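What you see is a predicted model, and the numbers here were worked out from it, not measured in a lab.
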Amino acid sequence: MMLAFTGHRPEKLPWGTCDSDPRCQALLLRMRLLIDQQIESGVTDFCCGMARGCDFYFAQAVIERKTADPRLRLYAYLPCESQSARWAQADRQTYQQLLSRCDEVYLLQRSYTQGCMLARNRRMVDDADRLMSVWDGSSGGTGATVRYAQRCGKPVIPLWL
C-alpha cells in the first residue's frame, strides 16, 4: 500500500525556515506518529514530491523509519530536472542527501513547464492509495492536490496547521 504526501513550502509555514520553532516541532511529532500509524495499517511505500519545507520533513521521517524497517520504500517524484536550481545552497544539499536515500526517483519531464508541479502531484495521487497533507486551507498546489485526491476518492489524512 502506498501513501503520497503533499504540504506547504516554508513561505506558507508560520515558522518559515525556523525548524526549531515549537510549532514546527509539534508538527514533526504529529507527522511521525501518523506515519507510524500508516505503517501499522499496512503502508510500506511512500511517495514525495521533494519540495522544500514539509516534503523535506516527510522524506526525513520516512528515511528514519526505513533504517529500522527494511520493508519500507521511499519514492521521489520530481517534476523536472531543475526543481532545485533556484534554491539556496543548503536546501540543494538537503535535497541531494534526501534523493540519495530514496529507493527510486521518478523524473516526470526533463525541463520545467507551466503545470509540471501540478502534473507531478496528480501522478503521486494516481499512484498512491492515500494522501497525507499539511495544508492550511489556502489556495495553491497543496490545496489543489488535496482536492484532486478527494475527487479521485482517495482518503486524505490531514496534518492541518
Side-chain angles (χ1 to χ4, degrees), residues 1-10 12-15 17-79 83-84 91 93-108 117-138 140-161:
M1 190 172 307
M2 181 179 277
L3 174 71
F5 178 82
T6 188
H8 291 305
R9 291 179 177 84
K12 280 200 170 179
L13 297 172
W15 55 85
T17 58
C18 183
D19 295 349
S20 63
D21 185 287
R23 296 167 295 182
C24 180
Q25 292 301 307
L27 175 72
L28 295 175
L29 178 60
R30 287 194 319 267
M31 182 181 286
R32 289 181 186 112
L33 291 171
L34 282 175
I35 290 170
D36 289 343
Q37 289 173 358
Q38 292 304 304
I39 293 168
E40 289 173 15
S41 74
V43 171
T44 56
D45 298 334
F46 299 85
C47 61
C48 182
M50 305 304 288
R52 295 168 38 253
C54 291
D55 283 11
F56 280 9
Y57 301 153
F58 179 80
Q60 289 167 337
V62 171
I63 289 166
E64 289 169 8
R65 271 118 192 99
K66 278 172 39 82
T67 303
D69 188 343
R71 300 172 306 133
L72 304 182
R73 299 182 56 80
L74 177 61
Y75 303 96
Y77 282 61
L78 308 183
Q83 174 167 275
S84 66
D91 289 331
Q93 287 176 331
T94 300
Y95 177 74
Q96 289 302 323
Q97 290 168 353
L98 293 172
L99 284 178
S100 73
R101 303 286 306 273
C102 289
D103 295 286
E104 290 187 45
V105 176
Y106 298 108
L107 179 64
L108 275 69
M117 304 291 182
L118 180 60
R120 179 263 326 265
N121 293 347
R122 287 185 173 194
R123 172 75 183 275
M124 289 192 311
V125 169
D126 290 342
D127 289 354
D129 300 290
R130 307 172 184 172
L131 176 71
M132 180 183 289
S133 68
V134 174
W135 180 49
D136 64 4
S138 63
T142 300
T145 304
V146 169
R147 288 187 297 277
Y148 180 71
Q150 291 168 333
R151 284 194 309 272
C152 292
K154 306 275 175 118
V156 177
I157 301 150
L159 245 172
W160 307 144
L161 295 176

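A distance-only check finds a donor-acceptor pair linking the side chain of R120 to the backbone of G49 [under 3.5 Å]. In this structure a side-chain-to-backbone donor-acceptor pair under 3.5 Å is present from Q83 to M50. A donor-acceptor distance shorter than 3.5 angstrom exists from the side chain of Q25 to the backbone of D19, with no hydrogens or angles considered.
The two residues C18 and C24 have their closest heavy-atom pair at O-CB, 4.1 Å. Nearest heavy atom pair, residue P10 against residue R52, reads CG-NH2, 3.6 Å. The nearest pair of heavy atoms linking D55 to G7 is OD1-N, 3.8 Å. The two residues R147 and G140 have their closest heavy-atom pair at NH2-O, 4.5 Å. The nearest pair of heavy atoms linking R73 to Y75 is NE-OH, 2.9 Å. Nearest heavy-atom pair, A128 versus L3, reported as atom, atom and distance to 0.1 Å: CB-C, 4.3 Å.
In this structure the side chain of V134 never reaches within 4.5 angstrom of the side chain of T142, judged on heavy atoms. For the pair L108 and P79, the minimum side-chain heavy-atom distance is 4.5 Å or more. Side-chain atoms of R71 and I39, non-hydrogen and from C-beta on, do get closer than 4.5 Å to each other. D126 places a side-chain heavy atom less than 4.5 Å from the side chain of Y148. Using a 4.5 Å heavy-atom threshold, the side chains of L13 and C54 count as touching. With contacts defined as side-chain heavy-atom distances shorter than 4.5 Å, the pair M31/L34 does not qualify. Looking at F46 and I63, their side chains never come closer than 4.5 Å, going by heavy atoms from C-beta outward. At a threshold of 4.5 Å between non-hydrogen side-chain atoms, the residues L78 and Y95 count as touching.
Note that NZ of K66 and CG of L74 are 6.5 Å apart. Values are rounded to the nearest 0.5 Å. D91 contributes atom CG, which lies 5.5 Å from atom CZ of F56 (distance to the nearest 0.5 angstrom). Atoms SG and CG, on C47 and N121 in that order, are 10.0 Å from each other to the nearest 0.5 Å. Between the CD atom of Q96 and the CG atom of L99 there is a distance of 5.5 Å, given to the nearest 0.5 Å. S133 OG to I157 CD1: the interatomic distance, rounded to the nearest 0.5 Å, is 8.5 Å. The distance from the NZ atom of K12 to the CH2 atom of W135 is 9.5 Å, given to the nearest 0.5 Å.
Using a 3.5 Å distance cut-off with no hydrogens or angles, the side chains of D127 and Y106 do not pair a donor with an acceptor.
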(request) List the steps and the verdict of side chain to side chain contact (heavy atoms under 4.5 Å, CB included) for R101 and Q60. (result) CA-CA 9 Å; R101 303 286 306 273; Q60 289 167 337; over 6 Å; no

(request) Carefully, step by step, assess M132 and I35 under the rule side chain to side chain contact (heavy atoms under 4.5 Å, CB included). (result) CA-CA 9 Å; M132 180 183 289; I35 290 170; 4.2 Å; yes

(request) Applying side chain to side chain contact (heavy atoms under 4.5 Å, CB included), run through V62 and R65 and close with a yes or a no. (result) CA-CA 5 Å; V62 171; R65 271 118 192 99; 5.7 Å; no

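Tested against D129 for a side chain to side chain contact (heavy atoms under 4.5 Å, CB included), the candidates K154, Q38, M2 yield a single pass: M2.
Enclosure of atom CZ in R23 by more than 12 non-hydrogen atoms of other residues, nucleotides or ligands within 6.0 angstrom is indicated.
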